[in-house]
Amino acid sequence: MLRWWALIGLLMLCACSPILTPAPTPTPLPYAYQRLIARSPQREPPALWVGERVGVAAWVGSDEAGVHLDARTFSTADGAVQPISVLPLPPRRPAALSLHPTSARDGAMRVRLLWLDADDRGTTHLFSALIGGVESGALTVERGAIRISDRPVQEYAAAFDGLGRLWAVWRGGVESEPALYLRMIDTEARPGIAGQIAADAGAFALVADSAALHLFWVNRATNQLMRSEIIEGSVARTDSLTNAPALASADRLLSLRVGIDRIQGCLFWQIERWNDGKPSLEVWWTAGGLSRTDWTTPTRMEARAAVPFQAYPPMETLLIAIETEFTLHIRPCHSGGMGALVESQPSTAWLYSPYAVRRGNQFYLTWSEPLSAESARLMLRKIILSP
């Protein structure tokens with residue numbers, strides 16, 4: 001009898017308790033698509049340009065015949081890729097490819113390609129080419145290769161100004177006293193007049209808005225981060241913003257990236273440091289207004305890589321892709337710090353030095369996914385965020 005009363009009491013207790021339903025299984029926020037662009041033994045991400053309906057990716061390919069410049073188009077809607085085009089631009093040791101918009105011809109969409117390569121004497125220069133056939137996917141070289149630099153080049157950066165002009169800055173000259181040089185590239189990929197714009201320069205990055213080009217560069221003598229405002233090809237003013245992170249003799253700067261919104265900017269150093277014979281990655285960042293000089297002191301971020309989503313014209317809010325341990329976070333960045341998390345994406349591979357482009361509420365990432373010393377997957381991902 002006692003057992004029955006105990007059972008009845010247990011049933012009454014359950015009836016009075018709230019019903020516990022299983023918690024829903026959390027699901028990662030979906031991305032629109034992810035595509036394999038190519039396989040190539042390079043650590044650089046594919047160069048990327050994104051239009052309204054079609055995008056273009058370019059990279060350095062290789063086979064038994066040697067190295068070559070490859071490209072292919074993809075549908076921005078579903079990521080469907082067209083066959084790979086081997087561009088008839090016989091390279092020697094190509095590197096640092098980038099793609100930029102230009103005007104259409106007879107309604108046909110085109111892009112400008114920039115890259116570093118050796119000339120006939122083995123000296124590294126900056127080259128350009130005009131690529132057509134974008135909408136059909138049958139890519140052709142309409143003009144190029146054209147040498148842009150007038151002296152040896154160590155590295156370069158480029159920005160589109162919205163008026164059809166592409167501006168390229170490169171560091172060159174005597175290696176012990178490197179200077180920065182600026183040159184305009186017209187809609188047909190032809191260079192204008194080159195001129196020196198800074199001396200004793202280290203790392204640099206270039207970005208544009210409707211008012212000016214903004215060149216961020218490190219003064220090697222003072223280790224200060226400088227900003228030069230360039231209007232119509234001439235330096236209007238140069239300001240010292242803050243100090244740059246210190247680098248030991250064994251450290252290596254992998255990239256310097258800058259992004260801006262309509263009033264302010266954020267800049268990121270990706271540094272490879274060596275401790276006890278092992279490499280580790282660090283990301284340092286600073287932020288401030290485009291019309292102010294009180295930029296923040298560089299601060300280390302808990303991340304392996306951070307890259308701003310490039311857009312022209314600049315958007316209302318600058319968003320940043322930040323890679324931590326197997327997770328890709330997207331956050332707004334401003335002079336007051338990092339804003340609240342916008343989205344988090346699973347990242348099953350190390351997104352080595354990713355490249356990011358924004359078009360409205362559509363976000364595109366490319367990266368190199370090393371498999372071995374001889375092979376890497378070059379990947380593309382599209383993410384859609386709510387407006």
Side-chain angles (χ1 to χ4, degrees), residues 31-50 55-63 66-74 79 81-82 84-87 89 91 93-100 111 113-117 124 155-158 203 205 252-257 259 268-273 279-283 303-310 320-330 345-358 363-383:
Y31 45 81
Y33 53 75
Q34 182 165 299
R35 297 288 182 267
L36 172 68
I37 293 296
R39 294 178 182 269
S40 182
Q42 68 176 55
R43 300 181 73 182
E44 294 178 357
L48 181 65
W49 172 85
V50 179
V56 183
W59 64 95
V60 178
S62 64
D63 52 27
V67 298
H68 37 80
L69 299 182
D70 296 346
R72 76 189 317 172
T73 64
F74 62 92
V81 295
Q82 295 295 322
I84 294 174
S85 298
V86 178
L87 302 177
L89 296 166
R93 52 169 189 263
L97 278 63
S98 63
L99 289 164
H100 308 273
V111 294
L113 172 67
L114 298 182
W115 74 99
L116 295 179
D117 206 347
T124 299
E155 60 178 318
Y156 80 96
R252 184 164 64 107
L253 178 64
L254 298 179
S255 66
L256 182 67
R257 308 278 185 85
F268 301 86
W269 290 262
Q270 186 184 27
I271 300 171
E272 182 184 71
R273 298 196 189 273
S280 62
L281 288 180
E282 294 181 4
V283 174
R304 297 188 298 191
V307 54
F309 283 96
Q310 304 292 341
I320 309 295
I322 302 170
E323 188 201 5
T324 58
E325 188 69 25
F326 299 115
T327 306
L328 184 72
H329 305 284
I330 298 178
Q345 296 271 334
S347 173
T348 58
W350 178 18
L351 309 187
Y352 183 86
S353 189
Y355 184 77
V357 172
R358 178 178 182 179
F363 297 77
Y364 298 84
L365 279 167
T366 62
W367 69 91
S368 173
E369 192 175 299
L371 301 175
S372 66
E374 295 78 27
S375 178
R377 285 192 292 252
L378 306 184
M379 305 298 297
L380 165 72
R381 177 183 293 183
K382 177 183 177 181
I383 301 168

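Computed from a predicted model, the values in this text were never measured in an experiment. We're numbering straight along the sequence, starting at 1.
The shortest side-chain heavy-atom distance between Arg39 and Leu371 falls under the 4.5 Å cut-off. Contact of the Leu254 side chain with the Leu281 side chain is registered, since non-hydrogen atoms from C-beta on lie closer than 4.5 Å. At a threshold of 4.5 Å between non-hydrogen side-chain atoms, the residues Ile322 and Leu328 do not count as touching. With contacts defined as side-chain heavy-atom distances shorter than 4.5 Å, the pair Met379/Ile37 does not qualify. With contacts defined as side-chain heavy-atom distances shorter than 4.5 Å, the pair Trp269/Val283 does not qualify. Within the 4.5 Å cutoff, the side chain of Val307 has no heavy atoms near those of the Phe268 side chain. Leu380 places none of its side-chain heavy atoms less than 4.5 Å from the side chain of Leu365. The shortest side-chain heavy-atom distance between Asp117 and Arg93 falls under the 4.5 Å cut-off.
In this structure a side-chain-to-backbone donor-acceptor pair under 3.5 Å is missing from Thr73 to Val56. Between the side chain of Gln42 and the backbone N or O of Val60, at least one donor-acceptor pair lies under 3.5 Å.
When only modelled atom types and interatomic distance are considered, His329 and Thr324 share a side-chain donor-acceptor pair under 3.5 Å. Between the side chains of Ser98 and Tyr355, no donor-acceptor pair is found at a separation under 3.5 Å.
Gly61 and Asp70 get closest at one heavy-atom pair: CA-OD2, 3.4 Å. Summarising the geometry of Ala71 relative to Leu87, their closest heavy-atom pair is CB-CD1, 4.2 Å, with the distance given to 0.1 Å. Shown here for Val67 and Pro94, the closest heavy-atom pair between the two residues is CG2-CD, 3.9 Å. The two atoms that bring Ala305 and Gln270 nearest to each other are CB-NE2, 3.7 Å, heavy atoms only.
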- Message: side chain to side chain contact (heavy atoms under 4.5 Å, CB included) for Ile383 and Ile330? Distances and angles first, verdict last.
- Response: CA-CA 10 Å; Ile383 301 168; Ile330 298 178; 3.9 Å; yes
- Message: Evaluate Glu272 against Leu253 for side chain to side chain contact (heavy atoms under 4.5 Å, CB included), listing each step before the verdict.
- Response: CA-CA 6 Å; Glu272 182 184 71; Leu253 178 64; over 6 Å; no
- Item | Candidate pair Trp367 and Arg381, rule side chain to side chain contact (heavy atoms under 4.5 Å, CB included), full reasoning | CA-CA 9 Å; Trp367 69 91; Arg381 177 183 293 183; 3.7 Å; yes
- Verdict with reasoning, Arg72 to Gln82, per side chain to side chain donor-acceptor pair (under 3.5 Å): CA-CA 6 Å; Arg72 76 189 317 172; Gln82 295 295 322; over 6 Å; no
- Message: Using side chain to side chain contact (heavy atoms under 4.5 Å, CB included), reason through Tyr364 and Phe74 one step at a time and then give a plain yes or no.
- Response: CA-CA 12 Å; Tyr364 298 84; Phe74 62 92; 4.2 Å; yes
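Separation of atoms CG (Leu48) and NE2 (His100) is listed at 11.0 Å; rounding is to 0.5 Å. A distance of 10.5 Å separates CD in Glu155 from OG in Ser255, rounded to the nearest 0.5 Å. Taking CZ of Arg377 as the start and CZ of Arg35 as the end, the distance is 15.0 Å to the nearest 0.5 Å. How far CG of Leu378 is from OG of Ser40: 5.5 Å, rounded to the nearest 0.5 Å. Rounded to the nearest 0.5 Å, atoms CH2 (Trp115) and OH (Tyr156) are 9.5 Å apart. For the atom pair CG of Leu97 and CD of Glu44, the computed distance is 7.5 Å after rounding to the nearest 0.5 Å.
Taking the six-membered ring where tryptophan is involved, the planes of Phe363 and Phe309 are perpendicular, since the angle between them exceeds 60° and thus also 30°.
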